[in-house]
Trainee: 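One structure, pasted below without further comment.
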Amino acid sequence: FARVRPSPLQNPRLVAMSLPALALLGLEAPATDPAAAEAEAALFFSGNRVLAGAEPAAHCYCGHQFGSFAGQLGDGAAMYLGEVLGPGGERWEIQLKGAGVTPFSRQADGRKVLRSSIREFLCSEAMFHLGIPTTRAGTCVTSDSKVVRDIFYDGNPKNERCTVVLRIASTFIRFGSFEIFKPPDEYTGRKGPSVDRNDIRIQMLDYVISTFYPEIQEAYSDNTVLRNAAFFKEITKRTARLVAEWQCVGFCHGVLNTDNMSIVGLTIDYGPFGFMDRYDPEHVCNGSDNTGRYAYNKQPEICKWNLGKLAEALVPELPLEISQLILEEEYDAEFEKHYLQKMRKKLGLIQLELEEDSKLASELLETMHVTAGDFTNIFYLLSSFSVDIDPSKFEDFLEELTSQCASVEELKVAFKPQMDPRQLSMMLMLAQSNPQLFALIGTKANINKELERVEQFSKLEQLTADDLLSRNKRHWKEWLEKYRVRLQKEVESVGNADAWNTDRVKVMNSNNPKYILRNYIAQNAIEAAENGDFSEVRNVLKLLEHPFQEAGGSQEVKEDAEEEGATATAAVCAQETRSRQSYCSKPPLWASELCVT
């Protein structure tokens, strides 16, 4: 680490605060004078005034970025303030993200802006309330200080407000923290700053295991190799369970580099993340991930690859033959077990655990894929399907289900070819005639993807809305019949079918969220905030604290939110061009144009 000091901001002011997160630190909302409390939060959590006892530091780490070793990275914009002993006796590290230049900032300015900070703040809390291990966010503070950002790297820079997020976690140590010992990489030639300093690696392992895995430290206090193996096994299993949780809510991290992987199994570093709307196993949420390395369906294997890099970084304190065996024996098995357990809950299969359940879940996803169904909303609707549903209600249910599938217009936007036909033709010729030159400017995967888009778009030109609806209904009828047969087996195994159904619906409604942080919801909040109105950020935060709410309770939150929002003229201006959707709606058409890099 390196000792640092936060750089002051002009006129800091609070965008929003998460009271559940701040409660971890023993902070609570004052009964009187909330304005004074907001001003105090803005002062301390902007970095303008350092908390008593704080020793600000920036953490040094390395990382494999998009598959290549990048050498020394480190906290280029984040500053650790210290550790807080919470009211329950837990220790929490607190960190300001966006507080200014550190020795690890490289050529950057150490600042974060309003849009990225709002996204990180809201998603950290959304993930916690979804029950997914994550770092937390206590406050989001913006200012009148400005920095220049070229959002899409397209030569159109603009001034944006410097903003700071207070992050909270048991630790921010990551896989990349152990890569500082890496000797020169055979592909990039880069090395870590602490090569041959095994004494520091031993200290770090001792600290991490004794502090965050005390039961392992206690069980293997007299044998460090066995202790380190038990630690590696535990972080392997935690990581497998974490990514299984992501897959089950359609969450894409976007930048699964080794420096963005937590040593205690938390979701960490929210950048170009995204919750999937239309189900697409190859969905890429990061606009700058040109090869799709971190696509939704690749997340499990990428996290396993990253664990392999952590294993290499622990040598010689944990021999590679031991860690590699642990990884092969534990990771896939733990991921598949946890994923299937979660999928059974999402499908309401609470009584029996049958071998066929895995096939039923994968056939559901395949049906979602071919009908371009909304991942979150379709899972949420399934709790209202019953074994003995009568024919008229079944038709209504089918109508509701297919309304969550993409329209012809939406599909045309999704599959619109991205290359000029002449450019595509030239690339195809080049791939045949000069593969070496082609490799410098494109990939076969990208060309195949474009050819697929051209073919799909051509078919969509001939497709009517009625044809699409009819086709989608046929697909869903086929899958629902399989689902009904599986639910019937549940009914036959219980004494009281009504009690079983009540329990089934309860389990489904606590595992299938109604509200997630969709990109368009975050974007509406960002646009209002950029116009000086923070009420939408606060409303969305309040909503995301209750993601599983059923219709009655959620309506109340939504109406409160809209009532508060209606008083803000800036928000009204932002909404003139973009009509407000219900927070649980399928995204509006304009949302497909959002690009997060």
Side-chain angles (χ1 to χ4, degrees), residues 63-67 115-116 118-135 174 239-262 265-307 335 338-339 342-343 346 361-362 365 368-369 372-379 406 414 445-446 449 512-513 515-523 526 544 547 586-587 591-597:
H64 280 78
Q65 300 194 316
F66 289 87
R115 59 189 160 82
S116 60
I118 286 173
R119 281 171 53 83
E120 168 141 24
F121 173 77
L122 289 174
C123 198
S124 301
E125 293 306 282
M127 292 290 269
F128 171 75
H129 292 289
L130 285 168
I132 298 171
T134 178
T135 58
R174 48 212 59 218
T239 303
R241 291 195 294 269
L242 177 69
V243 71
E245 291 281 346
W246 292 348
Q247 302 305 95
C248 288
V249 292
F251 174 78
C252 301
H253 184 284
V255 201
L256 281 174
N257 299 330
T258 56
D259 53 293
N260 295 336
M261 299 286 296
S262 161
L266 304 175
T267 314
I268 190 171
D269 289 341
Y270 292 91
F273 67 85
F275 284 89
M276 197 162 39
D277 296 313
R278 173 178 58 85
Y279 177 71
D280 174 8
E282 295 178 1
H283 175 69
V284 177
C285 63
N286 178 357
S288 41
D289 181 3
N290 300 321
T291 62
R293 177 180 173 85
Y294 298 141
Y296 167 79
N297 62 351
K298 290 182 182 168
Q299 291 186 137
E301 66 184 87
I302 286 293
C303 287
K304 185 179 182 182
W305 188 90
N306 288 342
L307 281 160
F335 171 80
H338 195 78
Y339 179 80
K342 190 76 179 175
M343 274 294 174
K346 289 175 78 69
S362 60
L365 295 178
M368 253 190 231
H369 189 205
D374 186 273
F375 184 85
T376 301
N377 289 356
I378 282 176
F379 268 114
N446 284 354
K449 194 86 177 161
N512 292 318
Y515 304 107
I516 53 167
L517 183 61
R518 295 179 187 264
N519 271 345
Y520 81 89
I521 293 174
Q523 188 62 22
I526 288 164
L544 295 172
K586 240 182 11 167
S592 60
E593 296 163 18
L594 291 173
C595 174
V596 187
T597 62

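Owing to the predicted nature of the structure, the values given are computational and were not obtained by experimental measurement.
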Trainee: Can you list everything that forms a side chain to side chain donor-acceptor pair (under 3.5 Å) with R278? Sequence neighbours excluded, please.
Mentor: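 R278: no side chain to side chain donor-acceptor pair (under 3.5 Å) contacts found.
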Trainee: Could you list the residues that satisfy side chain to side chain contact (heavy atoms under 4.5 Å, CB included) with C285, not counting sequence neighbours?
Mentor: C252, H283
Trainee: With sequence neighbours left out, what residues match H253 under side chain to side chain donor-acceptor pair (under 3.5 Å)?
Mentor: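 For H253 there are no side chain to side chain donor-acceptor pair (under 3.5 Å) partners, ignoring immediate neighbours.
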Trainee: In chain order, what residues pass the side chain to side chain donor-acceptor pair (under 3.5 Å) check against N377, with sequence neighbours excluded?
Mentor: Q404, R518
Trainee: Applying side-chain hydrogen bond (donor to acceptor under 3.5 Å, both in side chains), run through Y270 and T135 and close with a yes or a no.
Mentor: CA-CA 9 Å; Y270 292 91; T135 58; 5.1 Å; no
Trainee: Kindly write out the residues that satisfy salt bridge (charged side-chain N to carboxylate O under 4.0 Å, His left out) with K298, not counting sequence neighbours, or none if the list is empty.
Mentor: none
Trainee: Looking at N260 and R174, what are the two nearest heavy atoms and their distance?
Mentor: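 What the structure gives for the nearest pair is OD1-NH1, 4.2 Å.
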Trainee: Using the side chain to side chain donor-acceptor pair (under 3.5 Å) criterion, which residues pair with E301? Sequence neighbours excluded.
Mentor: none
Trainee: Who pairs with N297 by side chain to side chain contact (heavy atoms under 4.5 Å, CB included), at least two apart in sequence or on another chain?
Mentor: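 With neighbours one apart ignored, the set is P281, E282, A295.
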Trainee: Would Q65 and D259 satisfy side chain to side chain contact (heavy atoms under 4.5 Å, CB included), going step by step from the backbone distance to the final call?
Mentor: CA-CA 8 Å; Q65 300 194 316; D259 53 293; 3.8 Å; yes
Trainee: Quick one: ring pair (Phe, Tyr, Trp, His ring centres under 6.0 Å) partners of F379, sequence neighbours excluded?
Mentor: F375
Trainee: My understanding is that only residues two or more places apart in sequence, or in another chain, count here; which of them pass side chain to side chain contact (heavy atoms under 4.5 Å, CB included) with N519?
Mentor: R119, L594, V596
Trainee: Does some side-chain heavy atom of W305 sit less than 4.5 Å from a side-chain heavy atom of R293?
Mentor: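 Yes, at least one pair of side-chain atoms sits under 4.5 Å.
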Trainee: Apply side chain to side chain contact (heavy atoms under 4.5 Å, CB included) to S262 and list each qualifying residue two or more places apart in sequence or on a separate chain.
Mentor: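 By the side chain to side chain contact (heavy atoms under 4.5 Å, CB included) rule, S262 matches V264, L266, I268.
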Trainee: Please name all residues satisfying ring pair (Phe, Tyr, Trp, His ring centres under 6.0 Å) with F128, sequence neighbours left out, ordered by chain then number.
Mentor: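 Partners of F128 by the ring pair (Phe, Tyr, Trp, His ring centres under 6.0 Å) criterion come out as none, since no residue qualifies.
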Trainee: Among all residues two or more places apart in sequence or in another chain, which pass the salt bridge (charged side-chain N to carboxylate O under 4.0 Å, His left out) test with D289?
Mentor: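 Salt bridge (charged side-chain N to carboxylate O under 4.0 Å, His left out) check on D289 returns nothing, list empty.
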